[in-house]
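For reference, the structure discussed in these notes is given below.
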Amino acid sequence: MKIYLKDFNGVLTKVKFLLEQDKHQFVTNPHDADIFVLWQDVRGCLEELSRFAKSYLHKPLVVVQHGRAATRDYCKPNKFKLWADKICVWGPKDRQRLLNEGIPDYNIVVTGAPVLERTAEVPWKKPVRPVRNNILFVPIVTEKEEPENIIIANILSKIESEIAIRFVQRNYDNFKKHWKMKIIH
């Protein structure tokens with residue numbers, strides 16, 4: 001089976017690497033593909049490719065969720081059409097979100113996030129006692145840079161800089177003591 005794959009933000013990097021090991025499975029030309037595996041089917045050229053693959057080529061299409069809560073693309077206010085025969089989602093909440101939008105269960109497969117390592121134990125499910133406050137920045141994914149993303153990213157950079165400055169100021173004497181200078185004439 002010849003697979004055409006489009007990755008973004010490393011969501012399908014591991015899958016692509018495995019497919020590239022078998023040159024007979026991985027194709028770079030969509031016209032040579034038996035099946036399409038894409039990171040989204042809702043915007044831009046990949047939405048067009050999805051429509052083309054389904055409507056004209058009549059080829060199977062698999063979409064892999066590309067980010068936390070990215071299944072909201074199929075909900076209001078956008079309510080994009082799911083072109084894929086199968087959508088691989090990260091968890092049961094994503095599955096339920098799609099079911100609530102009327103997407104049939106046979107189109108949904110819970111696979112987990114392909115960006116996470118698979119191990120015998122699941123370390124991210126262990127309870128963790130927070131050491132300090134953490135901020136999770138989940139930018140809006142679009143075809144262009146959004147002003148809100150730029151503002152938040154810069155605010156977070158400012159906070160990071162202020163923390164670094166305070167750390168250096170608190171440890172100034174210790175740093176100076178260990179950063180010995182030797183002047184050579």
Side-chain angles (χ1 to χ4, degrees), residues 1-20 25-27 30 33-128 130 133-149 152-153:
M1 178 177 298
K2 295 180 180 179
I3 301 168
Y4 179 82
L5 181 141
K6 271 297 183 193
D7 186 21
F8 180 74
N9 269 359
V11 171
L12 292 168
T13 301
K14 292 175 189 172
V15 176
K16 184 178 179 184
F17 175 77
L18 292 172
L19 289 174
E20 287 175 332
Q25 276 194 321
F26 183 74
V27 295
D34 296 319
I35 186 170
F36 291 79
V37 178
L38 308 175
W39 67 274
Q40 59 101 348
D41 64 350
V42 297
R43 288 185 172 89
C45 62
L46 289 184
E47 190 267 339
E48 291 175 23
L49 179 60
S50 299
R51 279 190 290 120
F52 184 74
K54 295 306 304 164
S55 302
Y56 297 103
L57 298 178
H58 307 289
K59 301 285 175 97
L61 170 63
V62 175
V63 167
V64 178
Q65 181 178 336
H66 61 276
R68 182 181 162 269
T71 50
R72 290 187 176 133
D73 287 341
Y74 306 99
C75 304
K76 290 180 182 177
N78 295 323
K79 201 144 173 72
F80 292 116
K81 175 181 173 54
L82 175 70
W83 288 97
D85 299 292
K86 296 287 182 188
I87 181 166
C88 301
V89 298
W90 291 11
K93 287 184 181 177
D94 296 296
R95 179 182 164 275
Q96 190 58 53
R97 183 179 295 121
L98 294 177
L99 290 171
N100 293 345
E101 292 301 317
I103 294 174
D105 194 39
Y106 58 81
N107 290 112
I108 307 165
V109 181
V110 178
T111 58
V115 294
L116 298 175
E117 291 290 330
R118 299 287 186 248
T119 58
E121 60 181 47
V122 186
W124 58 88
K125 287 193 176 181
K126 291 180 181 177
V128 177
N133 291 335
N134 292 313
I135 298 172
L136 175 62
F137 176 40
V138 184
I140 303 165
V141 179
T142 63
E143 295 279 321
K144 61 180 177 41
E145 192 56 74
E146 295 293 338
E148 296 86 352
N149 288 352
I152 297 296

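Both backbone and side-chain heavy atoms feed into the values below; hydrogens, waters and symmetry mates do not. Quick caveat, the model's predicted, so the values are computed rather than measured. Numbers for residues simply follow the sequence, beginning at 1.
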* How are the rings of W39 and H66 set to each other: parallel, tilted or perpendicular (split at 30° and 60°)? ->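 Rings of W39 and H66: perpendicular, as their planes differ by over 60°.
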* Do the side chains of K2 and Y4 get nearer than 4.5 Å, heavy atoms only? ->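 When only atoms from C-beta onward are counted, K2 and Y4 do not touch, as no gap falls below 4.5 Å.
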Interatomic spacing from [atom1] in [X] to [atom2] in [Y] - rounded to 0.5 Å:
{"X": "L18", "Y": "F26", "atom1": "CG", "atom2": "CZ", "result": "11.5 Å"}
{"X": "Q25", "Y": "I3", "atom1": "CD", "atom2": "CD1", "result": "5.0 Å"}
{"X": "E101", "Y": "Q96", "atom1": "CD", "atom2": "CD", "result": "11.0 Å"}
{"X": "R95", "Y": "I103", "atom1": "CZ", "atom2": "CD1", "result": "12.0 Å"}
{"X": "C45", "Y": "Q40", "atom1": "SG", "atom2": "CD", "result": "7.5 Å"}
{"X": "D94", "Y": "L99", "atom1": "CG", "atom2": "CG", "result": "11.0 Å"}

* Does CZ in F80 sit with more than 12 non-hydrogen atoms of other residues, nucleotides or ligands closer than 6.0 Å? ->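 Correct, the count exceeds 12.
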* Taking atom NZ of K79 as the centre, report whether more than 12 heavy atoms of other residues, nucleotides or ligands fall under 6.0 Å from it. =>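 Yes.
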Without swapping roles, check the side chain of [X] against the backbone of [Y] for a donor-acceptor pair under 3.5 Å.
{"X": "N78", "Y": "D73", "value": "no"}
{"X": "K86", "Y": "Y106", "value": "yes"}
{"X": "K59", "Y": "A33", "value": "yes"}
{"X": "W90", "Y": "Q65", "value": "yes"}

* **Residue that, paired with F36, satisfies side-chain contact (heavy atoms from CB on, under 4.5 Å) out of V62, L49, V63, L5** =>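 For F36, the side-chain contact (heavy atoms from CB on, under 4.5 Å) check succeeds only for L49.
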* **T71: which of L98, I108, L82 passes side-chain contact (heavy atoms from CB on, under 4.5 Å)** =>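 Exactly one pass, corresponding to L98.
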* Asked: Can you list the residues that meet the side chain to side chain contact (heavy atoms under 4.5 Å, CB included) rule with K54, with sequence neighbours excluded?
  ->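 Checked K54 against side chain to side chain contact (heavy atoms under 4.5 Å, CB included); matches are L61, W83, D85.
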Considering all heavy atoms of both residues, which atom of [X] and which atom of [Y] are nearest to each other, and what is their separation?
{"X": "S50", "Y": "L38", "value": "OG-CD1, 3.4 Å"}
{"X": "R97", "Y": "A69", "value": "NH1-CA, 3.8 Å"}
{"X": "D41", "Y": "A84", "value": "OD2-N, 3.1 Å"}

* Can R51 and E47 be counted as an ion pair, charged N to O under 4.0 angstrom? ->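 Looking at R51 and E47, the cut-off is met.
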* Can Y74 and N100 be counted as having a side-chain donor-acceptor contact under 3.5 angstrom? ->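 N100 and Y74 do not have a side-chain donor-acceptor pair below 3.5 Å.
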